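Comments concern the structure below.
Quick caveat: nothing in here was measured; it's all calculated off a predicted structure. Chain A is the first sequence line, chain B the second, and so forth, proteins listed ahead of strands; every chain is numbered from 1. All values below come from the heavy atoms of this structure, side chains included, with hydrogens, waters and symmetry mates left out.
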There are 2 protein chains.
Amino acid sequence: MKPTDSELEILQVLWQEGPCTVRQVNERLTENRDVGYTTTLKLMQIMYEKGLLTRVEDARSHVYEANVSEEETQATLLERFVGTAFRGSASKLVMQALGSHKTTPAELDEIRKLLDQIEQQP
Amino acid sequence: MKPTDSELEILQVLWQEGPCTVRQVNERLTENRDVGYTTTLKLMQIMYEKGLLTRVEDARSHVYEANVSEEETQATLLERFVGTAFRGSASKLVMQALGSHKTTPAELDEIRKLLDQIEQQP
DNA sequence: TGTTTGCTACGAAATTATTCGTAGGTGGTA
DNA sequence: TACCACCTACGAATAATTTCGTAGCAAACA
């Protein structure tokens with residue numbers, strides 16, 4: 001399961017909003033950029049065929065839902081990304097990410113706790 | 001500067017090896033998968049036109065060099081990636097990366113130091 | 001009932017990325 | 001000189017992704 005960029009954009013909407021019709025997704029997408037309705041429809045149909053989405057056809061307009069979780073998708077994408085962009089070095093990626101993005105104190109704490117956990121493992 | 005996957009693969013070789021001829025790059029690439037010589041040539045020509053590479057034409061075979069640094073490229077790609085895959089949450093990405101990849105104690109220490117630095121800033 | 005509105009399905013164009021074949025040139029070497 | 005090996009340039013085929021137009025159907029409504 002390696003969604004394309006457009007597919008990921010749609011998944012993001014569904015992860016945030018839960019089950020949606022094509023129109024609802026399309027409305028969210030058009031907040032950022034111009035996307036035709038049938039473009040979104042076609043993409044969601046393809047994603048349905050691929051198994052990335054499920055749908056309920058009861059109503060006149062189908063209701064779609066993500067069939068892959070946000071976490072597992074992120075894990076897959078991250079795996080690829082660390083490999084291609086950082087030659088597999090997760091720590092280099094982490095340093096870059098922390099260095100150039102703003103992180104709240106609470107988040108920093110959480111990361112620290114995770115570090116503790118990892119170091120305590122035998 | 002947003003290199004494609006194939007372009008990134010070539011940049012990786014040049015970052016690791018320094019200046020190379022097309023043949024040298026191609027030989028490195030074919031270690032992993034089948035790539036025709038002219039395929040690599042064409043890609044590197046395109047990258048040269050885009051300004052991603054420089055080249056010296058003195059010798060019979062041109063010698064290419066990366067014209068973007070590994071760090072700035074990683075930063076650009078990371079920026080995009082955090083945005084599209086993690087909705088901008090760098091800390092979520094960091095947690096995932098630390099959780100699912102093996103990191104040495106030395107690297108963990110380095111990350112910890114970076115956390116300290118960030119927290120000390122006003 | 002006839003018209004408008006909104007939906008799905010789907011073919012196909014448009015765009016972007018990747019791969020490769022071929023032409024033409026240059027240097028080494030028998 | 002004639003041949004072979006290796007190089008560049010470049011057009012064009014292929015593949016993957018995204019976009020859109022159109023047909024057809026069904027509910028809502030004047």
Check residues 29-45 of chain B and write down every donor-acceptor pair under 3.5 Å in which the side-chain atom is one partner and the other belongs to a residue at least two apart or another chain.
residue	atom	partner	partner atom	Å
B:Thr30	OG1	B:Asn26	O	2.9
B:Thr30	OG1	B:Glu27	O	2.9
B:Arg33	NE	B:Glu9	OE2	3.1
B:Arg33	NH2	B:Glu9	OE1	2.9
B:Thr40	OG1	B:Asn26	ND2	2.7

May I ask you to evaluate whether [X] reaches the phosphate of [N], defined as a side-chain N or O under 4.0 Å from OP1 or OP2?
X       : N      : answer
A:Tyr37 : C:dT8  : yes
A:Thr38 : D:dG21 : no
B:Arg33 : C:dT18 : no
A:Thr4  : D:dA16 : no
A:Ser61 : C:dG6  : no

Does this structure show an ion pair linking [X] with [Y], if we count only N-O contacts that are shorter than 4.0 Å?
X        : Y        : answer
B:Glu110 : B:Arg112 : no
A:Lys102 : A:Glu107 : no
A:Glu70  : B:Arg87  : yes
B:Glu65  : B:Arg55  : no

Margin query: Taking the minimum atom-to-atom distance to the side chain of B:Arg60, which one of C:dG6, D:dC7, C:dT19 wins?
Written below: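 Ranking C:dG6, D:dC7, C:dT19 by closest atom to the B:Arg60 side chain puts D:dC7 first.
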Next item on the list: Spell out yes or no: do the side chain of A:Arg23 and the base of C:dG6 have one donor N/O and one acceptor N/O closer than 3.5 Å?
Entry: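 In this structure, the two groups form no donor-acceptor pair.
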Could you tell me how far apart [X] ([atom1]) and [N] ([atom2]) are, to the nearest whole angstrom?
X       : N      : atom1 : atom2 : result
A:Lys42 : C:dA9  : NZ    : P     : 10 Å
B:Glu49 : C:dA17 : CD    : C1'   : 15 Å
B:Leu8  : C:dA17 : CG    : P     : 14 Å
B:Lys2  : C:dT16 : NZ    : C1'   : 9 Å
A:Leu41 : D:dG21 : CG    : C1'   : 13 Å
B:Ile46 : C:dC20 : CD1   : C1'   : 12 Å
B:Leu43 : D:dC10 : CG    : P     : 16 Å
B:Asp5  : C:dT19 : CG    : P     : 10 Å

Note to self: Judged by each residue's nearest nucleotide on DNA chain D, which is more toward the 5′ side, B:His62 or A:Gly36?
What the structure shows: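 Taking each residue's closest nucleotide, the earlier one in sequence belongs to B:His62.
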Notebook entry, point to check: Checking all strands, does A:Ser6 fall into the base, sugar-phosphate, or nothing category for heavy-atom contacts under 4.0 angstrom?
Noted result: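 Since only primed, P, OP1 and OP2 atoms lie under 4.0 Å of A:Ser6, the category is sugar-phosphate.
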